[in-house]
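The block underneath contains the structure these notes are about, expressed in structure tokens.
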Amino acid sequence: MTVRPIRMFDDPVLRAVAAPVHDFDRELRRLVKTLTATMRAGAGRAGLAAPQVGEAVRVVVYAYDGKAGHLVNPRLELSARRVTADEACLSAPGVWWPLERSYMVTARGRDMFGKPVTVRALGILARVLQHEVDHLDGVLFSDHLEEGERARFLAEALPAG
């Protein structure tokens with residue numbers, strides 16, 4: 001399967017709200033396989049959203065701690081308990097930043113064949129799912145940072161020039 005380049009943090013496609021998937025067809029299955037291959041192509045990769053490879057549709061893939069899969073048109077239910085941990089993004093390689101997120105999520109969506117899927121996740125996997133679903137809404141994880149922290153993050157994440 002094809003490994004595609006990952007769009008960088010300043011790419012406008014990462015700011016667009018991804019469209020819902022309506023057709024559970026061969027093209028969607030190809031996209032899920034491409035996202036999975038692209039995610040697995042590098043060390044430390046735990047999740048990837050379709051906009052990160054230039055596809056503005058609501059599809060994410062994930063693989064962490066023995067749990068792997070994909071979600072089409074995901075919706076998240078977040079726990080009230082929040083934790084702060086370092087977070088990174090494949091669209092800003094090499095930059096880690098502390099961010100508060102819900103400790104637990106229930107993600108509901110569909111698989112590539114249109115069958116309902118529910119994923120319950122704690123800790124890092126919950127963080128990964130929140131991060132990837134944010135990408136579907138045109139939200140970068142730096143958007144969750146306070147203004148001063150965001151400026152410092154962006155100074156590290158974006159190339160000078």
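Numbers here simply count residues along the sequence, with the first being 1. The model shown is predicted, which means the values in this text are computed figures rather than measured ones.
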From Leu125 CG over to Tyr64 OH, what is the distance, rounded to the nearest 0.5 angstrom?
8.5 Å
Show, in sequence, the C-alpha distance, side-chain angles and deciding distance for Gln52 and Leu14, and conclude whether the side-chain contact (heavy atoms from CB on, under 4.5 Å) test is met.
CA-CA 7 Å; Gln52 290 180 278; Leu14 296 178; 3.9 Å; yes
So, for Phe24 and Leu28, which heavy atoms are closest and what is the spacing to 0.1 Å?
CD2-CD2, 3.5 Å
Tell me whether Arg150 is salt-bridged to Glu147, with the criterion being a basic N under 4.0 Å from an acidic carboxylate O.
no
Looking at every non-hydrogen atom in both residues, tell me the closest pair between Ser102 and Leu78 and how far apart they are.
OG-CB, 3.4 Å
Looking at side-chain heavy atoms only, is the closest gap between Arg45 and Leu90 below 4.5 Å?
yes
Which atom pair, heavy atoms only, marks the closest approach of Leu35 to Ala50?
CD2-CA, 3.8 Å
Check: Arg110 side chain, Lys115 main-chain N or O, donor-acceptor pair, under 3.5 Å:
no
Under a 3.5 Å distance rule, please check whether Asp111 uses its side chain to pair with a backbone N or O of Phe113 as donor and acceptor.
yes
Give the cluster check for Met8 versus Leu48: same hydrophobic cluster or not, with ILVMFWY residues linked at side-chain heavy-atom distances below 4.5 Å.
yes
With sequence neighbours left out, write down each residue that passes side chain to side chain contact (heavy atoms under 4.5 Å, CB included) with Ala151, or none if nothing qualifies.
none
Under a 3.5 Å cutoff, is there a donor and acceptor pairing between the side chains of Trp97 and Glu149?
yes
Donor-acceptor pairs under 3.5 Å, side chain of residues 65-72 to any protein atom, not counting sequence neighbours: which ones?
| residue | atom | partner | partner atom | Å |
| --- | --- | --- | --- | --- |
| Lys67 | NZ | Arg120 | O | 3.0 |
| His70 | NE2 | Met112 | N | 2.8 |

Would you call the rings of His131 and Phe141 parallel, tilted or perpendicular, taking 30° and 60° as the class edges?
tilted
Ignoring hydrogens, what is the shortest heavy-atom contact between Leu129 and Ala121? Give both atom names and the distance.
CD1-CB, 3.9 Å
Mind checking whether Val21 and Leu136 sit in one hydrophobic cluster, side chains of I, L, V, M, F, W, Y counted as touching below 4.5 Å?
no
What distance do Glu87 atom CD and Leu145 atom CG have between them, rounded to the nearest 0.5 Å?
9.0 Å
Once rounded to the nearest 0.5 Å, what's the spacing between atom CE of Met104 and atom CD of Gln130?
11.0 Å
Could you walk me through whether Glu156 and Arg152 pass the side-chain contact (heavy atoms from CB on, under 4.5 Å) test, one step at a time?
CA-CA 7 Å; Glu156 281 192 46; Arg152 284 189 287 283; 5.9 Å; no
For the student: nearest non-hydrogen atoms of Pro98 and Thr84, plus distance:
CB-CG2, 4.0 Å
Would Leu154 and Val13 show up in the same hydrophobic cluster when neighbours are defined by side-chain heavy atoms closer than 4.5 Å?
yes
For residues Pro20 and His22, determine if any side-chain heavy atom of one lies less than 4.5 Å from a side-chain heavy atom of the other.
yes
Verify the cluster assignment for Leu76 and Ile124: are they in a single hydrophobic cluster under the rule of side-chain heavy atoms below 4.5 Å apart?
yes
Ionic contact status for Arg127 with Asp86, cut-off 4.0 Å
no
Calculate, to the nearest 0.5 Å, the distance between atoms CG and CG belonging to Asp134 and Leu140 respectively.
8.5 Å
Taking it one step at a time, do Ile6 and Ser91 satisfy side-chain contact (heavy atoms from CB on, under 4.5 Å)?
CA-CA 6 Å; Ile6 294 173; Ser91 295; 3.7 Å; yes
Output all residues satisfying salt bridge (Lys or Arg N to Asp or Glu O under 4.0 Å) with Arg4, sequence neighbours left out; order by chain, then residue number.
Glu55
Between Arg58 and Asp137, does any NZ, NE, NH1 or NH2 come within less than 4.0 Å of an OD or OE carboxylate oxygen?
yes
List the steps, then state whether side-chain contact (heavy atoms from CB on, under 4.5 Å) holds for Trp96 with Phe153.
CA-CA 9 Å; Trp96 291 80; Phe153 171 83; over 6 Å; no
If we only count heavy atoms from C-beta on, is the Val59 to Leu31 side-chain gap below 4.5 Å?
yes
Are Val133 and Val128 grouped together when hydrophobic residues (ILVMFWY) are joined by side-chain heavy atoms under 4.5 angstrom apart?
yes
Distance-only, no hydrogens or angles: does the Asn73 side chain make a donor-acceptor pair with backbone N or O of Gly109 under 3.5 Å?
no
Of all heavy-atom pairs linking Val117 and Val119, the shortest is CG1-CG2, 4.0 Å
Could you check whether any side-chain heavy atom of Ser79 comes within less than 4.5 Å of a side-chain heavy atom of Val105, counting everything from C-beta outward?
no
